[in-house]
Amino acid sequence: AVYDLISRRFLAALMPPGQDARTTVWTRAGGERFKTTGTVVIDPGWRAVITPTADKAQESSDEKGESEPDQVIPPGLRSGQAVTVLDAGVQDKKTKPPARFTDASLLALMEKYGLGTPATRARVLEVLLAREYVRREKKTLITTDKGQHLIRVLPDVLQSPDLTGEWEARLESIAQGRESAQDFVRDMRQLTQQVVDTARTQTGEAISDMTTALGPCPVCHQGQVRPNPKGWGCSRWKDGGCRFMIWKKIAGKTLTTAQVRVLLSGKPTALLKGFHSKAGKLFSARLKLDGPDARVTLAFEPRPTARSS
């Protein structure tokens, strides 16, 4: 079986590309426009030597992200042709977000933009996981609040994968003698200085935020609620013994300062997504302060009741 798979893959690399005819039909009915797409294989090309199982997997990977599957379009259609509507109905659907990255798709994208080498790309991904910028959920990779915050504060120039491609092109020009190495080093120093200056400014703002009180303590009503490394707590926890505390992470979700301000105002938060149960399942809930000790509790949306006919 392994030999057969290798042989077919080798032959496929020598075969011509496949040719498909993709047709899009717009139909007007009842004052509305309806879209129908269909694909017909003209020449299978390299796919002719792939086993049916592998071909099916290839097709499913190619169609990943398609919002609607292809339909069977009858041959001989022409523009302006009248058709008969046999049936019509309304389907309740929701827009699907883009498919999340997996290890394979992210590594392939890194290769496309020339990020790293085959030996270092997997290591980059491990670093992202170790530093909790992303996390694994089954086979998918999901950004954490920490990772999203990093993207918000990073300069745009460092977020673009084109920067690495530009550097590689300039290094190749230096190797070919078309560019001076001194000019490249000078530009790197200027970019580094700009990034460091930006980071210092943002660090100063972050320190200022760490000393800013969000409001009076809802328990003792004497201290002020201030940020700390673990969350937000009463400023009198040392001298007065007030233990009021809102932890930074609740049920696997990291809270924001804006959400804490809502809690301190006495109101529940909006419906928040991204909580994790002990079984690892995602759920949504509101947060609110409850009881005399103002503990943070989860408030769930009422389930819709079935209507009797």
**OP:** Could you walk me through whether D20 and R22 pass salt bridge (charged side-chain N to carboxylate O under 4.0 Å, His left out), step by step?
**Re:** CA-CA 6 Å; D20 299 337; R22 185 170 180 84; over 6 Å; no

Original post:
Run the side chain to side chain contact (heavy atoms under 4.5 Å, CB included) check on Q190 and D187 step by step: do they pass?
Top reply: CA-CA 5 Å; Q190 292 179 354; D187 293 343; 4.1 Å; yes

Subject >> Full working for side chain to side chain contact (heavy atoms under 4.5 Å, CB included) between Q19 and V41 >> reply: CA-CA 6 Å; Q19 295 183 4; V41 178; over 6 Å; no

Original post:
Could you walk me through whether R243 and V219 pass the side chain to side chain contact (heavy atoms under 4.5 Å, CB included) check?
Top reply: CA-CA 9 Å; R243 298 298 179 181; V219 176; over 6 Å; no

Original post:
What's the verdict on side chain to side chain contact (heavy atoms under 4.5 Å, CB included) for L287 and Q259, showing C-alpha distance, side-chain angles and the deciding distance?
Top reply: CA-CA 9 Å; L287 297 178; Q259 293 163 354; 5.7 Å; no

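Atom CG of L282 is separated from atom CD1 of I142 by 6.0 Å, given to the nearest 0.5 angstrom. With rounding to the nearest 0.5 angstrom, the CG atom of L11 is 12.0 Å from the CD1 atom of I6. Atom CG of L264 is separated from atom OG1 of T257 by 10.5 Å, given to the nearest 0.5 angstrom. Between the CZ atom of R286 and the CG atom of L263 there is a distance of 12.0 Å, given to the nearest 0.5 Å. The distance from the CZ atom of R261 to the OG1 atom of T269 is 15.5 Å, given to the nearest 0.5 Å. Once rounded to the nearest 0.5 Å, the distance linking CZ of F283 with OG of S277 reads 6.5 Å.
Defined by atom type and a distance below 3.5 Å, a donor-acceptor pair is present between the side-chain atoms of Q176 and E172. A donor atom on one side chain and an acceptor atom on the other are found under 3.5 Å apart for Q148 and T143.
Residues I50 and R9 have side chains in contact (heavy-atom distance under 4.5 Å, counting atoms from C-beta outward). Using a 4.5 Å heavy-atom threshold, the side chains of S105 and L141 count as separate. At a threshold of 4.5 Å between non-hydrogen side-chain atoms, the residues C220 and F244 do not count as touching. At a threshold of 4.5 Å between non-hydrogen side-chain atoms, the residues M245 and K230 count as touching. Within the 4.5 Å cutoff, the side chain of T84 has heavy atoms near those of the L86 side chain.
Remark: side-chain polar atoms of T140 are not paired, donor with acceptor, to backbone N or O of F101 under 3.5 angstrom. Not one N or O on the side chain of K146 forms a donor-acceptor pair closer than 3.5 Å with the backbone of T254. Of the possible polar contacts, one joining the S235 side chain to the Q224 backbone as a donor-acceptor pair under 3.5 Å is found. Put simply, the side chain of K253 gets close to the backbone of K273: a donor and an acceptor are under 3.5 Å apart. Without hydrogens or angle criteria, T144 side chain to G147 main chain gives a donor-acceptor distance under 3.5 Å.
Residue L125 is not grouped with residue V127 when hydrophobic side chains (ILVMFWY) are merged at heavy-atom distances under 4.5 angstrom, including chains of intermediate members. Both I246 and L298 sit in one connected hydrophobic cluster of ILVMFWY residues. Membership requires side-chain heavy atoms under 4.5 Å apart, directly or through other members. Both L129 and L107 belong to a common hydrophobic cluster when Ile, Leu, Val, Met, Phe, Trp and Tyr are linked at side-chain heavy-atom distances under 4.5 angstrom. Follow the hydrophobic side-chain contacts under 4.5 Å out from F300 and you reach V296 in the same cluster. Both L171 and L163 are members of a single hydrophobic cluster when ILVMFWY side chains are connected at heavy-atom separations under 4.5 Å.
Scanning both residues, W232 and L214, for their nearest heavy atoms gives CD1-CD1, 3.4 Å. Here the closest heavy-atom approach between residue L289 and residue P218 is recorded as CD1-CG, 4.2 Å. The heavy-atom pair separating C234 from G223 by the smallest distance is SG-CA, 3.9 Å. The two atoms that bring V85 and A29 nearest to each other are CG2-CB, 4.0 Å, heavy atoms only.
With salt bridges taken as basic N to acidic carboxylate O contacts below 4.0 Å, none links K288 and D290. Between R136 and D103 there is a salt bridge, with a side-chain nitrogen of the basic residue lying less than 4.0 Å from a carboxylate oxygen of the acidic one.
Within a 6.0 Å sphere centred on CZ of R178, other residues, nucleotides and ligands contribute more than 12 heavy atoms. Shown here is R295, whose CZ atom has no more than 12 heavy atoms of other residues, nucleotides or ligands within 6.0 Å.
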